[in-house]
Amino acid sequence: MSIEARLAELGITLPAPAAPVAAYVPAVDANGLLHISGQLPFREDGTIVTGRLGQDVDVAQGAEAAKRCGIMLIAQIKAALGGDLSRVERIVKLGAFIASTADFTDQPKVANGASELMQDVFGEAGRHARSAVGVPVLPLGAAVEIDAIVAIRPL
């Protein structure tokens with residue numbers, strides 16, 4: 001099954017890739033490793049999931065925010081690959097940053113929202129290494145931000 005068919009089966013429509021909010025590019029291909037800049041959790045209406053885990057966002061809401069980051073990661077990957085998601089060889093690593101209180105320790109459960117999405121979409125190639133880090137604040141007040149490293153097949 002193609003990646004596009006898996007997305008459709010999961011009921012996921014990729015949004016337009018988000019434009020950078022500062023002085024960086026969304027993606028860099030370095031010798032077959034595509035580095036995707038951190039993506040924020042945009043809802044379908046374009047608003048960002050904001051707040052802090054352990055304060056005003058619970059684990060389930062955080063995991064959904066991480067999934068939203070994952071959807072935007074896939075949109076950025078697709079754009080960087082000229083629309084051809086079949087070139088994804090492997091999701092190598094996700095870096096998850098979770099805005100959280102000092103006593104919140106369930107960052108891995110939150111990051112699972114994106115990790116499970118990658119496995120659902122890319123199958124075995126979606127299994128990846130990962131870090132899940134709690135931080136006091138993220139850009140634009142986002143609850144979660146996730147970046148990625150993706151191995152890609154040459155043209």
Side-chain angles (χ1 to χ4, degrees), residues 1-44 46-50 53 59-100 106-135 137-140 142-155:
M1 179 182 292
S2 74
I3 302 304
E4 296 290 346
R6 283 192 193 131
L7 288 167
E9 183 179 294
L10 294 167
I12 297 171
T13 301
L14 295 179
V21 297
Y24 62 90
V25 294
V28 172
D29 177 359
N31 300 316
L33 286 179
L34 188 61
H35 296 257
I36 304 294
S37 296
Q39 299 299 305
L40 300 180
F42 286 93
R43 294 182 184 97
E44 290 178 6
T47 62
I48 296 173
V49 178
T50 60
L53 278 289
V59 171
Q61 292 167 321
E64 178 60 27
K67 180 179 179 179
R68 301 297 318 165
C69 291
I71 290 169
M72 189 57 76
L73 284 167
I74 296 169
Q76 292 290 2
I77 294 165
K78 183 175 180 175
L81 297 178
D84 187 3
L85 285 171
S86 72
R87 289 186 56 207
V88 172
E89 188 172 283
R90 179 87 190 238
I91 305 299
V92 176
K93 184 173 183 192
L94 296 182
F97 303 90
I98 294 98
S100 51
D106 283 332
Q107 287 85 359
K109 291 178 182 175
V110 172
N112 279 347
S115 291
E116 291 167 1
L117 173 71
M118 294 302 163
Q119 292 172 39
D120 290 345
V121 172
F122 295 101
E124 189 62 27
R127 293 177 51 84
H128 53 271
R130 184 184 82 190
S131 52
V133 180
V135 297
V137 67
L138 287 167
L140 306 177
V144 181
E145 178 177 359
I146 303 178
D147 62 15
I149 301 172
V150 180
I152 56 172
R153 292 179 183 87
L155 286 173

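Predicted model, so just to flag it, every value in this text is computed and none were measured.
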Using a 4.5 Å cut-off on heavy atoms from C-beta on, say whether the side chain of [Y] contacts that of [X].
X	Y	value
I149	H35	yes
S100	V135	no
I146	L73	yes
I3	I74	no
V110	L53	yes
D84	R87	yes

Are any side-chain N or O atoms of [X] and backbone N or O atoms of [Y], one a donor and one an acceptor, separated by less than 3.5 Å?
X	Y	answer
D106	K109	no
R130	L94	no
R6	V121	yes
E145	L138	no
R68	V49	no
Q39	S37	yes
T50	A143	no

Ion pair present between E4 and K78, side-chain N to carboxylate O less than 4.0 angstrom?
yes
Using a strict threshold of under 4.0 Å (side-chain N to carboxylate O), is an ion pair present between E124 and R127?
yes
Any chance you could measure S131, atom OG, to D147, atom CG, to the nearest 0.5 Å?
7.5 Å
Inter-residue atom distance L34.CG - I36.CD1, 0.5 Å rounding:
4.0 Å
Could you pull out the closest heavy-atom pair between [X] and [Y], with the gap in Å?
X	Y	answer
M72	F42	CE-CD1, 3.9 Å
A79	P17	CB-CG, 3.6 Å
P41	A65	CB-O, 3.2 Å

Passes side-chain contact (heavy atoms from CB on, under 4.5 Å), I152 versus L81? Steps please.
CA-CA 9 Å; I152 56 172; L81 297 178; 3.8 Å; yes
Report the C-alpha distance between M118 and H128 in whole Å, list the side-chain angles of each, state the deciding distance to 0.1 Å, and finish with yes or no for side-chain contact (heavy atoms from CB on, under 4.5 Å).
CA-CA 9 Å; M118 294 302 163; H128 53 271; 4.2 Å; yes
